[in-house]
Amino acid sequence: DAGRILDNGVHVPGLYAAGWIKRGAVGVLGSNKPGAAETVACFVDDVPTLKKKQTIAFDQIESFLKTKKATVTTYDDWLKLDQEELKQGQKRGKPREKFYRTEDMLRFLNKI
């Protein structure tokens, strides 16, 4: 509902969505901006009513995800991917050459 996550029609405090998860796999990057603005506005309106939640250290989250056999991609990993895309783009006379497949990204990061 305007970016708020519902459970059986009831808003779940502190949970929000934007982009394709909010409206479905339609549109382009620019299509996300109005929906994201709507979601952020809801979040800002809700802030006074939200309870402070306990923070969890990244290593705890990473450990949990590994127990679920999830592949964890960090910000440092993203920086490596970003640099590689720029490097490959430069070779081709373009601003960047994007990775298009998750498998290729994970292989580059030596995660598969």
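Side chains are part of it too, since the values below use all heavy atoms of this structure and drop only hydrogens, waters and symmetry mates. This chain uses plain numbering: 1 for the first residue, then up along the sequence.
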Checklist entry - Any side-chain heavy atom of Asp1 sitting closer than 4.5 Å to one from His11? => result no

Checklist entry - Taking atom CD of Glu85 and atom CH2 of Trp78, what is their separation to the nearest 0.5 Å? => result 8.5 Å

Checklist entry - Ala18 and Ala36: which non-hydrogen atoms are nearest, and at how many Å? => result CB-CA, 4.2 Å

Checklist entry - Any chance NZ of Lys80 has more than 12 other-residue heavy atoms, nucleotides or ligands included, within less than 6.0 Å? => result no

Item to check | Ile112 with Leu109, same ILVMFWY side-chain cluster at under 4.5 Å | outcome: no

Checklist outcome for this item: What one should report as the nearest heavy-atom pair of Thr39 and Gly3 is OG1-CA, 3.4 Å

Checklist entry - Are there more than 12 heavy atoms of other residues, nucleotides or ligands under 6.0 Å from atom CD of Glu62? => result yes

Next on the checklist: Same cluster or not: Ile56 versus Phe58, using hydrophobic residues (I, L, V, M, F, W, Y) connected whenever any side-chain heavy atoms lie under 4.5 Å apart?
Outcome noted: yes

Next on the checklist: Glu103 vs Arg107, test: salt bridge (charged side-chain N to carboxylate O under 4.0 Å, His left out). Steps then yes/no.
Outcome noted: CA-CA 6 Å; Glu103 180 180 297; Arg107 187 173 292 113; 3.1 Å; yes

Next on the checklist: Could you check whether any side-chain N or O of Lys111 sits under 3.5 Å from a backbone N or O of Thr71, counting only pairs where one atom can act as donor and the other as acceptor?
Outcome noted: no

Checklist entry - At their closest point, which heavy atom of Cys42 faces which heavy atom of Ala2, and how far apart are they? => result SG-O, 3.3 Å

Checklist entry - Can you name the ring-ring contact (aromatic ring centres under 6.0 Å, His included) partners of Phe108, sequence neighbours left out? => result Phe99

Next on the checklist: Take a 6.0 Å sphere around CG of Leu50 and say whether it holds more than 12 heavy atoms from other residues, nucleotides or ligands.
Outcome noted: yes

Next on the checklist: Apply side chain to side chain contact (heavy atoms under 4.5 Å, CB included) to residues Arg96 and Asp82 and explain how you reach the verdict.
Outcome noted: CA-CA 9 Å; Arg96 74 172 53 238; Asp82 183 54; 2.8 Å; yes

Next on the checklist: Applying side chain to side chain contact (heavy atoms under 4.5 Å, CB included) to Asp46 and Arg4, what does each step give before you reach the verdict?
Outcome noted: CA-CA 10 Å; Asp46 294 349; Arg4 291 181 176 101; 2.8 Å; yes

Checklist entry - Applying the 4.5 Å side-chain criterion to the ILVMFWY set and letting contacts propagate, would Leu79 and Leu81 be lumped into a single cluster? => result no

Checklist entry - Measuring from Asn8:CG to Leu6:CG, what's the distance to the nearest 0.5 Å? => result 9.5 Å

Item to check | Contacts of type ring-ring contact (aromatic ring centres under 6.0 Å, His included), residue Trp20, not counting sequence neighbours | outcome: none

Checklist entry - Atom CD of Glu97 and atom CD of Glu84: how far apart are they, to the nearest 0.5 Å? => result 10.5 Å

Item to check | Test salt bridge (charged side-chain N to carboxylate O under 4.0 Å, His left out) applied to Arg92 - qualifying residues, sequence neighbours left out | outcome: none

Item to check | Heavy atoms from other residues, nucleotides or ligands near NZ of Lys94 exceed 12 (cutoff 6.0 Å) | outcome: yes

Item to check | Distance-only donor-acceptor check, side chains Thr74 and Asp77, under 3.5 Å | outcome: yes

Checklist outcome for this item: Between Pro95 and Leu86 the two heavy atoms that sit nearest each other are O-CD2, 3.4 Å

